[in-house]
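So the structure is just underneath, and the comments pick up after that.
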Amino acid sequence: MSYLMSNYAPLAVTFVKGEGCMLTSTQGEQYLDALSGVGVVGLGHCHPDITAAIQLQAGELLHTSNWYHIQHQETLAKELCMAANMDKAFFGNSGAEANEAAIKMTRLHAYSNNINHPIILTANQSFHGRTMATLSATGNPKVQAGFSPLISEFIHVDFDDVDAIKAHTDNASVVAVMLEPIQGESGVIVPADDYLNQVQKICQANNWLLILDEVQTGIGRTGKLFAHQYNGITPDILTLAKGLGNGVPISACLAKGKAAELLTVGTHGSTFGGNPLVSKTALAVLDVIKKDNILDNVNTISAYLLAGLQALSSDKIVEIRIKGLMIAIELNQDCTELLNAALKKHLLINITGRSIRLLPPLILNQNEADIIIITLDELLGAL
Ligand SMILES: Cc1ncc(COP(=O)(O)O)c(C=O)c1O
């Protein structure tokens, strides 16, 4: 009997060690991790520079609270703001918390504009987290089932549909639009190239805040440090988590211009947020991404993987969706059974409906990419 609550359904394997893209089970067997702990361990498991930074910081200072200045947090805020062209940062511990901060900021923006029942537009099939506000923002009834009453001030519109957003411009209660640049959890849905540009124009014309949830797409996952950089835009609010700490829990809510002034003393906080350990770790992550040209590797390996996947002969493949190392292979049939079949072949993948989803570490090399391609070929052949 397990003393854990039943909200997860773990597969029948336990890992005890990791190195690069590989994990070792309690049985001493090696698995190729093509999921990175759901897009978290971008630099691979136990990257030596990250381990060294954690060890050093653990020996110096773990935690003091935000009642005192935290040097590494201030440095990290500066680095992230400079990289993202933002002005200020707030640090939390998870993606949901970063989004929660963003949602609270929109309330403050609304009240300062005398809007008493503010509404945020979010997208169908989006995923923004599991807190009450973020699951209400999430455009997926499965995530919301059983948790009514939801926070009602979200209107869900179709993703990648500019007109669906325009349709709300005469609603004076709308104050913000919150989107993932690429929808991750619903199966790597990549919008039209200029979708975010068009949405930003609408936001600017209506004094709406544009919130981009880059919890999954951020920190190099798509081949740029932030996915919205493909559009050459700067959102008002940008949320990050997952890859930021390479496995150490840290998230960030960055803001620009008037949005950066919304949080004032006492309006928000987090006991652990941005403590010395997690901040130092995130600084080490940003350093490795730069020093080791990780973005170049993402783009090279992404192209290599795409070529390999396109060459697969399976007539079950309907579409391959890929941006950097966010990958979905959509099939013409349900493929839930592939989860365990892949595990038997020592490959960790995710299945989203009819799609195989991969989020391999950003350091993936060609040999490892070949293993993924060959294993998928075998799996599809046996389906
Ligand atoms: C786009 C996006 N936003 C928010 C979250 C929630 O992050 P967390 O599980 O760290 O709260 C996720 C998690 O998958 C995500 O993909």
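As the structure is a prediction and not an experimental result, all values here were calculated from the model. Whatever order the structure lists them in is the order used to number ligands and atoms, beginning at 1. Scope of the values below: all heavy atoms of this structure, side chains included, with no hydrogens, waters or symmetry mates.
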Requested in this report: Please identify each residue that fulfils side chain to side chain donor-acceptor pair (under 3.5 Å) with Thr24, with sequence neighbours left out.
Outcome: none

Query - Residues forming a side chain to side chain donor-acceptor pair (under 3.5 Å) with Glu74, sequence neighbours excluded - result: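 Counting only residues at least two positions away or on another chain, Glu74 forms a side chain to side chain donor-acceptor pair (under 3.5 Å) with His69.
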
Query - Basic-acidic side-chain contact under 4.0 Å: Glu319, Arg321 - result: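 Salt bridge: yes.
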
Query raised in the report: Residues two or more places apart in sequence or in another chain: which of them pass ring pair (Phe, Tyr, Trp, His ring centres under 6.0 Å) with His268?
Result: Phe90

Requested in this report: Assess the side chains of Asp370 and Tyr304: does a donor N or O sit below 3.5 Å from an acceptor N or O?
Outcome: yes

**Report entry** Lys280, Lys291, Lys290 screened by salt bridge (Lys or Arg N to Asp or Glu O under 4.0 Å) with Asp49, the one that passes
**Finding:**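 Of the listed residues Lys280, Lys291, Lys290, the salt bridge (Lys or Arg N to Asp or Glu O under 4.0 Å) partner of Asp49 is Lys291.
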
What does the N/O contact table under 3.5 Å look like for ligand 1?
residue	atom	partner	partner atom	Å
ligand 1	3 (N)	Phe127	O	3.3
ligand 1	3 (N)	Asp213	OD1	3.3
ligand 1	3 (N)	Asp213	OD2	2.7
ligand 1	10 (O)	Gly95	N	2.8
ligand 1	11 (O)	Gly95	N	3.4
ligand 1	11 (O)	Ala96	N	2.8
ligand 1	14 (O)	Lys242	NZ	3.1
ligand 1	16 (O)	Gln216	NE2	2.8

